[in-house]
Amino acid sequence: MALSEKSIKRLQELQERALANIDTAGRNILADYERLVREVTLRARMLLSGMGGANDPMQLQDSLVAIQQMNAILTEAGLGEIIANYQANFKTTYEDAQEYFSIIGVGSSQTAVPPAVLNSLVSVYSNDLSLNIQNRLVPPLKQALLQGAAGNVTFGEVVSRVAAVMQDLPINNVETLVRDSYVRFNRQVSEEVAKDAGLEIAWVEGPDDDVTRPVCQEVINFSGHGVPGMFYRDELEELFPGYSIEGGGWNCRHKVSYITLEFAISLGFEP
Amino acid sequence: MIDVKIEASTMTLDASVLEQAVFDNIAVQEINQTAAIGSSKWRQGIGPDGSAIGDGYSNMTKVLRAEAGRQIAFVDLIMTGTLFNQVLPFPSEGGGAQISVTSQPHPSGKSASGLYEELRSRGFNMPLSDFSREDAARIDKRFEDEIQKAVDAAITVKTP
């Protein structure tokens, strides 16, 4: 998805207009730029999140080239700040996907970035990686988590790094945050795989003991279809919004698995 | 004696229904289902072959788990839930699917995959480490059925 000549021309026109009408038309031009940035980055994001695996690395490269072109033009126009966040996010997402995938042994080269993981990375990093934590924590946490995922650092080291930038947060909260970030990311990956593979039924399993939260008890004992903890995937989201990714909250020990309707029926699921 | 006579003017073979991607997707589905069943057993303290994950927690571990509100009736190896949530079913490179334990850090100080292997080396009957016979039979049958279905769909015979 390299920028088309038309888009480049359009950007250049906008640049010229920006220089010529810096006072009166300034606000409109800025809005035009912002709109264009949004359009291009949205398209790039769709490409990134909709990749089909083995045949798509060129698309990914093209989208990065397009973003770089756009960045250069807008920076020259003196509007680099507008797109700094967008530009950084896509490159980081790409690198993160490559790194993460090489670690877990699935598609270690550029020729196979499974769309489920890429989608998960886009979703996780587009939203707030850490629940209820200030924005300033997210970049260092993300970096530490990815280094942790690479197997280069231990859990304790990840916690220390995050704690160093978050000194007002008790250490046990940082530990929970790090642990939950991994679990949340893994749940996101599972859900993406399930969507891609056509697995319609969500099956929530895990301990039911003294420390199980009421919401988790409600979920794992839900018997609307004859088998405790089994839902249609959409139904789980509707009845318990966010549960499939966030679980019952911090320190949740429950796991969401996905299966086909036919297999669920063989286990007693009543449609 | 039965005399069979086939009168067909055209026979069409649609190879697209036999595409690798179709079977890859079935592999992903089956790996997810195997992992789901394995997780269900794990939660109940049962390993892949149907026997208990371990012989029982030591007295010291029982005290610690009880204080933390965890069950002590059987070995489930679920304390924080981190390891439980780091066993993921996944499409594998080049098609097919696999169950992986991620290498993300675990509160124990090891990677999740390292901890998993260590527990196994210490004699725990680690969940999902091998497919059960039931899983293998189910997967075999699924592929057999799907291949038959695909072959049936691929060949169309039109009689005059």
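Numbers restart at 1 for each chain; the letters A, B, ... are given by sequence-line order, proteins then strands. For the numbers below, each heavy atom of this structure counts, side chains included, while hydrogens, waters and symmetry mates do not.
Distance check, rounded to the nearest 0.5 Å: CZ of R187(A) to CG of N85(B) gives 5.0 Å. To the nearest 0.5 angstrom, I72(B) atom CD1 is 11.5 Å from D209(A) atom CG. A distance of 10.0 Å separates CD of Q33(B) from CD1 of I201(A), quoted to the nearest 0.5 Å. The NZ atom of K41(B) sits 12.0 Å away from the CD atom of E205(A) when rounded to the nearest 0.5 Å. In this structure, CG in D145(B) is found 11.5 Å from CD in E262(A), a value given to the nearest 0.5 Å. The distance from the CG atom of N32(B) to the CD1 atom of I259(A) is 10.0 Å, given to the nearest 0.5 Å.
Of the listed residues (V256(A), T212(A), N251(A), V211(A)), the one with the most heavy-atom contacts under 4.5 Å to chain B is V211(A). Among G81(B), A68(B), G69(B), the residue with the largest count of heavy-atom pairs under 4.5 Å with chain A is G69(B). With respect to chain B, the highest number of heavy-atom pairs below 4.5 Å among A194(A), A264(A), G247(A), P207(A) belongs to P207(A).
Between F84(B) and G206(A), the shortest heavy-atom distance links the atoms CE2-CA, 4.1 Å. Listed here is the closest heavy atom pair of A197(A) and V28(B): CB-CG1, 3.7 Å.
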inquiry  = I'd like to know whether S190(A) forms a side-chain contact (heavy atoms from CB on, under 4.5 Å) with L88(B), so could you lay out the CA-CA distance, the side-chain angles of the two residues, the decisive distance to 0.1 Å, and finally the verdict.
reply    = CA-CA 7 Å; S190(A) 295; L88(B) 296 180; 3.5 Å; yes
inquiry  = One pair to check against side-chain contact (heavy atoms from CB on, under 4.5 Å): R70(B) and R253(A). What are the steps and the verdict?
reply    = CA-CA 11 Å; R70(B) 270 63 173 173; R253(A) 296 164 294 157; 3.6 Å; yes
request  = Apply side chain to side chain donor-acceptor pair (under 3.5 Å) to T260(A) and Q29(B), showing your working.
outcome  = CA-CA 7 Å; T260(A) 61; Q29(B) 288 186 345; 5.4 Å; no
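The number of heavy atoms from other shown groups lying within 6.0 Å of CD (E134(B)) does not exceed 12. Heavy atoms from other residues, nucleotides or ligands lying under 6.0 Å from CG of D55(B) number 12 at most.
Figure legend: R138(B) and F263(A) shown as a cation-pi pair, the cationic atom lying under 6.0 angstrom from the six-membered ring centre and within 45 degrees of its axis.
The shortest side-chain heavy-atom distance between L267(A) and I37(B) falls under the 4.5 Å cut-off.
Neither the backbone nor the side chain of A112(B) comes within contact range of chain A; no heavy atoms are under 4.5 Å apart.
When atom types are taken as modelled, the side chain of K255(A) and the backbone of S39(B) share no donor-acceptor pair closer than 3.5 angstrom.
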